[in-house]
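Working notes, structure below.
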Amino acid sequence: MWLREARAIFEKEIRTEWRTRVALSGVGLFLLGGLTLIGLAFQGRRVDSDGAAALLWILLLFTAATGLGRGFVQEAERGTALALRLHARATAVWAGKFAFNAALLLALTALATPLLLGALSVDTGETNFGALACVLGLGSIGVAAVFTTTSALVAQSNGRSGALLAALSFPVLVPALFMGVGGTKAALGVSFTVSAWSAASGYITVLGSYGAIAVAASLVLFDYVWND
């Protein structure tokens, strides 16, 4: 029953986004604009792994903030939040919206990463792409979990602004961003004393733990947030 409710919310999010394309338009425009500006700024000049990792996570963070913060705000604006409360459990609502946000962010990450590395002419000869995929995938899941929960908090407030979403999300996301940047640098092969996978494994473990804690904490607390 719970899985059916969560799946129904996930499918509703897909149908709604397919009709309106609000999130896709926002994140697509931001992603295209960000990649274009980065490409124009560096114009084919090679960037080291430190700079590439920082720029990649900056792009992912602001792209996520643009597209993942609207889920619960739209429910409040359209007056459909009450219907969700009546027909689905709070945790199922969160799980369905989280699944959609995570899928969207993972797809954007898979699209943005090769484009950015190509625009920056990053040497990927020493890159462990399995480690890079783990770092970016686990980091994206943690970021999606945080934005899903904080967007629900913003929807409950009177001023549903992006500034409030950023203010609530950023302090919680600092550990994930720190580990994400470090793990990305390691996966790109900045350490010459050990393999890229060995260098990134510690970051991968922390990012996996962070994502698990973010999901578990959200499921435990969301009933109070949603029904307050």
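- Note that the CD1 atom of I58 and the CD1 atom of I38 stand 8.0 Å from one another [nearest 0.5 Å].
- Screening D223, V215, I9 against W94 for a side chain to side chain contact (heavy atoms under 4.5 Å, CB included) leaves a single residue, V215.
- A pairwise comparison of heavy atoms in V181 and A53 identifies O-CB, 3.8 Å as the closest pair.
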Any chance you could lay out the side-chain contact (heavy atoms from CB on, under 4.5 Å) test for T148 and F100, step after step, and finish with the verdict? CA-CA 10 Å; T148 302; F100 174 78; over 6 Å; no

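- Within the 4.5 Å cutoff, the side chain of T149 has no heavy atoms near those of the F98 side chain.
- The line from CZ of R7 to NZ of K12 is 16.0 Å long, rounded to the nearest 0.5 Å.
- Rounding to the nearest 0.5 Å places CG of L120 at 9.0 Å from CG of L56.
- How far CG of L116 is from CH2 of W57: 12.5 Å, rounded to the nearest 0.5 Å.
- Across F222 and T91, no two heavy atoms sit closer than the pair CD2-N, 4.5 Å.
- Across all non-hydrogen atoms, the minimal contact from G142 to A214 is O-CB, 4.5 Å.
- By the neighbour-count criterion of 12 heavy atoms within 6.0 Å, atom OH of Y210 is densely surrounded, having more than that number from other residues, nucleotides or ligands.
- A donor-acceptor pair is defined here as one N or O able to donate and one able to accept, closer than 3.5 Å; such a pair exists between the side chain of E5 and the backbone of R89.
- Not a single donor-acceptor pair under 3.5 Å links the side chain of T16 to the backbone N or O of E13.
- For T63, the side-chain contact (heavy atoms from CB on, under 4.5 Å) partners at least two apart in sequence or on another chain are V27, F30, L31, L59, L108.
- Considering only heavy atoms from C-beta on, L105 comes within 4.5 Å of V143 through its side chain.
- Heavy atoms only, all atoms of each residue included: A167 and P171 are closest at O-CD, 3.2 Å.
- Residue A131 comes nearest to A200 through the heavy atom pair CB-CB, 4.0 Å, listed as atom of the first residue, atom of the second, then distance.
- Of all heavy-atom pairs spanning S169 and T150, the tightest one is OG-OG1, 2.9 Å.
- Using a 4.5 Å heavy-atom threshold, the side chains of F178 and V206 count as separate.
- Residue N101 holds its CG atom at 11.5 Å from OG of S140, rounded to the nearest 0.5 Å.
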Full working for side-chain contact (heavy atoms from CB on, under 4.5 Å) between L60 and T109: CA-CA 7 Å; L60 294 179; T109 301; 3.6 Å; yes

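- To the nearest 0.5 angstrom, S209 atom OG is 11.0 Å from M179 atom CE.
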